[in-house]
Amino acid sequence: KMSFALYEPVENGKPEAEVLRSQTWGVRELVEEIPRNKRKGLPAGEYLVAIFTPDKVSDRPLSLVLQLDVKGHCKVTQKDVDDEMRKSLALASALKGQEKPIGPAKTRGASLPDGGYAFAASC
C-alpha cells in the first residue's frame, strides 16, 4: 500500500498547506487530478510531493509523473524526511481540516495516510 500528497507553497523548506492527497491503495498506479477550483489558483513556486507507505516498506521503487499545463522546466529533487519535516507535513495536513472551536482555542485536524491523526490548536 502507498499514497501521496501534494503540499504548497514551500517556504524555507517547509510546506504551508496540503493541496491534495491520494487514497491509500495497494495498486501499481495512483493517479490524482488537481481539483478544478485550484487549477488556476496554484501559483508558480516550489511544491513538495510526499510518498507515504503505511506498512513502512523501505526502498520502494516509484516513478512520479507530473503533467503541467505550462511550458518550461520543472526541477525535481529528492529529500530524506527527518523529524522536523514530518512535523511540518503533519501540521500542513492538520490545517487542511475544518476549524472547530474548543473553548477559547481554535482547532483543526486531519487523518493521516498511516492511520494516525494530526491535530493543531491555537489560542
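Grouped with Leu95 in one hydrophobic cluster are Leu91, the linkage being side-chain heavy-atom contacts under 4.5 Å among Ile, Leu, Val, Met, Phe, Trp and Tyr residues.
In this structure, the salt bridge (charged side-chain N to carboxylate O under 4.0 Å, His left out) partners of Glu99, at least two apart in sequence or on a different chain, are Arg108. Residues meeting the side chain to side chain contact (heavy atoms under 4.5 Å, CB included) test with Ser22, sequence neighbours left out: Ser3, Phe4, Leu30, Glu32. Contacts of Glu11 classified as side chain to side chain contact (heavy atoms under 4.5 Å, CB included), with partners at least two apart in sequence or in another chain: Pro9, Glu16.
One finds the OG1 atom of Thr107 at 4.5 Å from the CZ atom of Phe119 (value rounded to the nearest 0.5 Å). Once rounded to the nearest 0.5 Å, the distance linking OG1 of Thr24 with CE of Met2 reads 10.0 Å.
Among residues at least two apart or in separate chains, side chain to side chain donor-acceptor pair (under 3.5 Å) pairs with a member in residues 79-94 are Tyr7-Ser93, Lys14-Glu84, Glu18-Ser93.
Under a hydrophobic clustering in which Ile, Leu, Val, Met, Phe, Trp and Tyr are joined whenever their side-chain heavy atoms come within less than 4.5 Å, directly or via other members, Trp25 and Leu112 fall into different clusters. Residues Ile51 and Leu89 fall into different hydrophobic clusters, defined by Ile, Leu, Val, Met, Phe, Trp and Tyr side chains chained together at heavy-atom separations under 4.5 Å. Placement of Leu20 and Leu48 in two distinct hydrophobic clusters is found when ILVMFWY residues are connected by side-chain heavy-atom separations under 4.5 Å, directly or transitively.
Here the closest non-hydrogen pair linking Phe52 and Ala5 is CE1-CB, 3.8 Å. In terms of heavy atoms, Ala118 sits closest to Ala90 at CB-O, 3.3 Å. For the residue pair Ala92 and Pro15, the shortest heavy atom distance occurs at CB-O, 4.0 Å.
Residues Lys106 and Cys123 fail the side-chain proximity criterion, which asks for heavy atoms closer than 4.5 Å.
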